[in-house]
Protein chains: 2
Amino acid sequence: MARAATTTDAFNAVAEPRRRQILDILAGGERPVNDLVRLLGVSQPQVSKHLRVLREVGAVDVREEGRQRHYRLNALALKPIHDWVKNYERSWSERFDRLDVVLEELEGEGDGGGDE
Amino acid sequence: MARAATTTDAFNAVAEPRRRQILDILAGGERPVNDLVRLLGVSQPQVSKHLRVLREVGAVDVREEGRQRHYRLNALALKPIHDWVKNYERSWSERFDRLDVVLEELEGEGDGGGDE
DNA sequence: TTGATATATAACCATATGAGAATATAATTA
DNA sequence: TAATTATATTCTCATATGGTTATATATCAA
């Protein structure tokens, strides 16, 4: 089997840095394709193809207006990524530093509770 | 050009669900390879190859002990992912709901300030 | 030493890729 | 209508992939 398709989920889609760049731009507001082409300095077909992937995973929505397609961010599609990586945040937070490993081994299972 | 190597960065490495699973397990504490093989129900070579990728992006560290290799999470390697996706969190937070889009268009650029 | 155990690597394969180039489609303008 | 503009699609290609199988390497046990 080959690698999973980029359109499989948000994780695969945003593994490509250019697509993250596109989302970063769209975070500032809706944009027609040509804006992205200029801002990124990438060929138009490349931009369209990246947008297709982002569309397929639901990370962007399109609004048609004349011959332009205005793309808009749909950040909700990125929530699974945030939800997953969020659980690792404590590991690099200086509050837990190196201690968390020890604590987790002591805990075993069962939630002892904690702030936040 | 083909897709970027899985070992290019954390984004590419964790696009593969099995590798996220491995990290999730290691979040509970250090584990020898065979534990992962049993817990995942995946062939040993597969696990070793996934671990190699995670090692190359710095997401895991190894400790050798006899003939076992104990793998341990290094969550700091996931911070770039968190840092990136964090900026989108407000978009699905109910506090901003649909309003954020309007606000961002009004802002244009320049930080008007806000709580938090 | 011989055998078993733990892990890594290599060889093979089917497949999806990102980039580029060319072209298709649709909307606008002259 | 013809030309132009905006965008999407198709084609081709080199490449890295994830899984499988087989094998290599190292450690431990008998």
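Note on naming: letters A, B, ... go to the chains in the order of the sequence lines (proteins, then strands), and numbering restarts at 1 for each one. Hydrogens, waters and symmetry mates are skipped; everything else that's a heavy atom, side chains included, is used.
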Please determine whether a side-chain nitrogen or oxygen atom of [X] lies at a distance below 4.0 Å from atom OP1 or OP2 of [N].
X       : N      : value
A:Thr6  : C:dT17 : yes
A:His50 : C:dA19 : yes
B:Arg3  : D:dT15 : no
B:Asn34 : C:dT7  : yes
A:Tyr71 : D:dA8  : yes
A:Gln46 : C:dA19 : yes
B:Arg67 : D:dT25 : no
A:Ser48 : D:dT7  : no

Length of the line joining [X]:[atom1] and [N]:[atom2], which is rounded to integer Å:
X       : N      : atom1 : atom2 : answer
A:Arg18 : C:dT17 : CZ    : P     : 17 Å
B:Ile22 : D:dG18 : CD1   : C1'   : 12 Å
A:Gln68 : D:dT5  : CD    : C1'   : 10 Å
A:Arg52 : D:dT10 : CZ    : C1'   : 11 Å
A:Leu40 : C:dA19 : CG    : C1'   : 15 Å
A:His70 : D:dA6  : NE2   : C1'   : 10 Å
B:Met1  : D:dT17 : CE    : P     : 14 Å
B:Glu30 : C:dA6  : CD    : C1'   : 15 Å

**OP:** Starting from the 5' end of DNA chain C, give me the residue, A:Thr7 or A:Glu65, whose nearest nucleotide shows up first.
**Re:**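 Final value for this comparison: A:Thr7.
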
Subject >> Check: A:Val62 main-chain N/O paired with A:Arg69 side-chain donor or acceptor under 3.5 Å >> reply: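 Not at all, since once roles are kept as given, no pair shorter than 3.5 Å links the two residues.
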
Original post:
Is A:Arg72 close to A:Val60 at the side-chain level, that is, under 4.5 Å between some pair of heavy atoms?
Top reply: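 Not touching, per the 4.5 Å side-chain cut-off.
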
Subject >> Residue pair A:Thr7 / A:Asn12, side-chain heavy-atom distance below 4.5 Å >> reply: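 A:Thr7 does not reach A:Asn12 side chain to side chain.
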
Original post:
Counting side-chain heavy atoms from C-beta on, which of C:dA8, D:dT7, C:dA19 comes nearest to A:Pro32?
Top reply: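 Between C:dA8, D:dT7, C:dA19, the one nearest the side chain of A:Pro32 would be D:dT7.
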
Original post:
Nearest to the side chain of A:Lys49 - D:dG18, D:dT9, D:dT7?
Top reply: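 My answer, after comparing the listed nucleotides, is D:dT9.
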
**OP:** Establish, yes or no, whether the cationic atom of B:Arg20 lies under 6.0 Å from the six-membered ring centre of A:Phe11 and within 45° of the ring axis.
**Re:**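 Here B:Arg20 passes the 6.0 Å and 45° test against A:Phe11.
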
Subject >> N/O donor-acceptor pair, side chain B:Gln44 with base C:dA6, under 3.5 angstrom >> reply: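 Per atom types, no contact qualifies.
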
Subject >> Pair B:Glu16 + A:Arg3, salt bridge at N-O below 4.0 Å >> reply: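 No, no charged N to carboxylate O under 4.0 Å.
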
